[in-house]
Amino acid sequence: MKFNFKKGGELQIILVKKDEDSLKIGNDLYLYLKEKEMFKGDLSETYLHLDPNGEDVLLLGLGEEDKLTIDSIRRAFYSAGRKLMEAKVKSIGVSIPKFKDLCYKKTIGAVTEGLLQSEYSFEKYLSEKKIKPTLEEVYLDVLEDKKDKALEAIEESKILIEGIFLTRDLVNERAINMYPEVLANSAKDNLEQLGVKVSIYGKKDIEALDMKAFLAVSQGSAKEPQFIVMEYNGDPSSDEKLAFVGKGLTYDSGGYSLKPSKGMDTMFSDMAGSATVIGAIKAIAKSKLKRNVVGIVAACENLVSGDAYKPGDIIGSMSGKTIEVDNTDAEGRLTLADALWYAVKEAKADKVIDLATLTGACVVALGDINTGAITNDEKLMREVKDASEIAGEPIWQLPSNDEYRDLIKSDFADLKNTGVRGAGTITAGLFLREFVDDTPWVHLDIAGTAYLDKALGYLPKGATGVHVKTLYYLAKGE
Ligand code: BES
Ligand code: MN
Ligand code: ZN
């Protein structure tokens with residue numbers, strides 16, 4: 001898809017706010033449709049009008065003016081993109097006005113992103129493809145004095161989309177083909193060419209690092225665990241470093257605390273946190289952001305075998321803290337315990353964000369709309385929230401009063417890996433907090449948002465790639 005700043009295109013997109021009285025172009029058609037109640041201008045509503053004697057148009061609804069946001073523009077242009085694909089349209093023209101409360105540059109970025117979002121599919125295993133992108137040329141009529149900004153916005157959106165699509169592809173890939181070594185290699189293949197240093201540690205190295213908790217989880221799998229460290233130094237003049245730590249369970253059967261079949265079928269997506277980190281670092285490195293970022297992933301499978309760890313086991317960790325394994329299905333926090341400790345003590349990060357498909361409880365609490373968050377630093381939380389708002393990837397912070405901490409006390413070890421039935425997302429977060437010391441840290445539980453049963457706006461069914469943008473904007477400092 002190519003973007004140009006001139007008039008053109010075989011079809012024109014006409015933007016319509018809800019219940020608008022009249023339009024500058026396409027007014028007759030619009031009034032006719034309005035009278036027939038065929039088009040109201042609701043957000044993402046489309047009406048395709050093909051005219052053999054005149055010009056083809058697509059009316060695109062933006063909803064009520066007061067409610068218009070950057071994310072609704074993404075959504076509207078996503079549906080436009082899908083509609084255009086159905087009609088095999090190759091080129092479009094659209095004039096982008098300045099909407100009153102919205103930044104013009106961000107508006108252009110959202111138009112670009114929405115159109116590009118419409119081209120995603122994971123159809124490598126389908127003999128007959130359903131999504132066949134057709135749109136080649138986009139002619140944007142933009143405000144004359146904003147062309148430079150518009151160009152920057154388009155480039156940024158293209159880069160973000162590359163990161164998001166990479167994340168989705170990694171998550172959607174099934175565990176038979178996506179195991180720790182494959183994940184590690186794809187980090188290398190995608191990032192090294194952008195100047196990111198990717199170090200991969202195998203079982204021997206992980207033993208040498210004393211990552212006992214991570215190793216315990218990986219024990220039941222025939223596949224070698226991999227510890228992946230991705231270093232992007234965009235600001236050599238600074239010694240500040242931001243760490244992104246992603247849960248990397250390439251499959252989670254639950255282990256001996258076995259999941260029921262229904263809970264297991266999508267557990268190839270339990271490495272979504274790690275894929276988000278890889279996608280975000282790709283976008284950050286490609287944009288050459290002035291920031292030092294380290295990505296950290298402890299990748300393994302949680303399976304059942306004669307070698308697997310067992311409920312009741314008491315295990316160690318890199319931090320020295322001992323953990324009683326109440327439930328082998330609470331494995332993510334064990335792998336993250338060592339990854340977080342590494343982030344703070346070895347990588348010496350001074351801010352840490354972790355992303356993990358950590359708890360079913362988070363899905364119960366927030367569904368697939370909001371990511372759950374726990375923090376030990378309100379300032380960093382604010383920064384992450386601001387970035388997520390720009391990204392259109394909502395986050396909801398959960399409380400973490402000290403009282404909850406009592407729930408993960410063990411009589412026989414320093415900690416146990418589960419709490420009680422209630423507040424499962426919070427106790428999981430507080431378990432992680434034990435492994436970051438006092439380093440500012442935000443934990444994002446993406447169990448509900450990383451993988452969808454059903455498409456939601458421009459987020460497709462399956463992997464969403466949610467928070468690639470959040471991490472990017474956080475690193476950018478927006
Ligand atoms: N990977 C799961 C969490 C999950 C559930 C992600 C549903 C996506 C959708 C995690 O490892 C897990 O099994 N958590 C347990 C923790 C419990 C045993 C304390 C859970 O939520 O049931
Ligand atoms: Mn589990
Ligand atoms: Zn898991």
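Order of appearance sets the numbers: ligands from 1, and atoms from 1 within every ligand. Starting from 1, each residue takes its place in the sequence as its number. Remember, predicted model here, so these are calculated numbers, not experimental data.
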Which N, O or S atom name in Asp252 marks its closest approach to the Zn ion (ligand 3)?
->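 The atom in question is OD2.
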With side chains defined as the heavy atoms from C-beta onward, is the minimum distance between Lys203 and Leu215 less than 4.5 Å?
-> yes
Sub-3.5 Å N/O-N/O distance, Gly360 and ligand 1 =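 Between Gly360 and ligand 1, an N or O pair is found under 3.5 Å apart.
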Within the distance-only criterion (no hydrogens, no angle test), does the side chain of Thr328 pair as donor or acceptor with the backbone N or O of Ser257 below 3.5 angstrom?
-> yes
Passing option when Met230 is tested against Val294, Ile296, Val297 for side-chain contact (heavy atoms from CB on, under 4.5 Å) |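 The residue from Val294, Ile296, Val297 that satisfies side-chain contact (heavy atoms from CB on, under 4.5 Å) with Met230 turns out to be Val297.
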Answer yes or no for Asp329: is there an N/O/S atom below the 2.8 Å cut-off from the Zn ion (ligand 3)?
->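 It does not; every qualifying atom lies at 2.8 Å or beyond.
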Any donor and acceptor pair, going by atom type alone, linking the side chain of Asp350 with main-chain N or O of Lys241 inside 3.5 Å?
->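 Side chain of Asp350 to backbone of Lys241, a donor-acceptor pair under 3.5 Å: yes, one is there.
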More than 12 heavy atoms of other groups within 6.0 Å of Lys288 NZ =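 Not buried by this count: 12 neighbours or fewer within 6.0 Å.
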Is a side-chain donor or acceptor of Tyr256 paired with a backbone partner of Ser305 at a separation under 3.5 angstrom?
->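 Yes.
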Glu113/Lys469 ion pair, N-O < 4.0 Å |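 So Glu113 pairs with Lys469 through a salt bridge.
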May I ask whether Arg421 places a heavy atom under 4.0 Å from ligand 1?
-> no
For atom 15 (C) of ligand 1, the closest protein heavy atom turns out to be Asp329 O, 3.9 Å
Is Glu162 salt-bridged to Lys282, cutoff N-O under 4.0 Å?
-> yes
Which value, rounded to the nearest 0.5 Å, describes the distance between Cys300 atom SG and Glu224 atom CD?
-> 11.5 Å
Considering just N/O/S atoms, say which atom of Asp270 is closest to the Zn ion (ligand 3).
->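 Nearest N/O/S atom: OD2.
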Quick one: report the N, O or S atom of Glu331 that is nearest to the Zn ion (ligand 3).
->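 Going through the N, O and S atoms of Glu331 one by one, OE2 ends up nearest to the Zn ion (ligand 3).
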Please state whether the separation between the Mn ion (ligand 2) and some N/O/S atom of Asp252 is under 2.8 Å?
-> yes
Minimum-distance protein heavy atom relative to atom 2 (C) of ligand 1 =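 Checking every protein heavy atom, the shortest distance to atom 2 (C) of ligand 1 gives Asp252 OD2, 3.6 Å.
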Would you mind running through ligand 1 and noting each atom that sits below 4.0 Å from a heavy atom of Glu331?
->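 It comes down to these atoms of ligand 1: 11 (O).
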Close-contact set for ligand 1 against Asn327 heavy atoms, below 4.0 Å | 18 (C)
Interfacing atoms of ligand 1 (cut-off 4.0 Å, heavy-atom, Thr418) |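 Numbered from 1, ligand 1 contributes 19 (C).
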Where the Mn ion (ligand 2) is the vertex, angle from Glu331 OE1 to Asp329 O to 10° = 70°
List the steps, then state whether ring pair (Phe, Tyr, Trp, His ring centres under 6.0 Å) holds for Phe268 with Tyr179.
-> CA-CA 9 Å; Phe268 56 85; Tyr179 45 89; over 10 Å; no
Heavy-atom side-chain proximity of Lys461 to Lys454 below 4.5 angstrom =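 No, every pair of side-chain atoms sits at 4.5 Å or beyond.
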From the candidates Lys247, Met267, Lys259, Arg333, the one that places a heavy atom nearest atom 16 (C) of ligand 1 = Arg333
Please indicate whether any nitrogen or oxygen in Thr359 is less than 3.5 Å from any nitrogen or oxygen in ligand 1.
-> no
Nearest-contact summary for atom 1 (N) of ligand 1 - protein heavy atom, Å | Asp270 OD1, 2.9 Å
Do any N/O/S atoms of Gly332 come under 2.8 Å of the Zn ion (ligand 3)?
-> no
Leu358 and ligand 1 - part of the residue with a heavy-atom distance under 4.0 Å = backbone
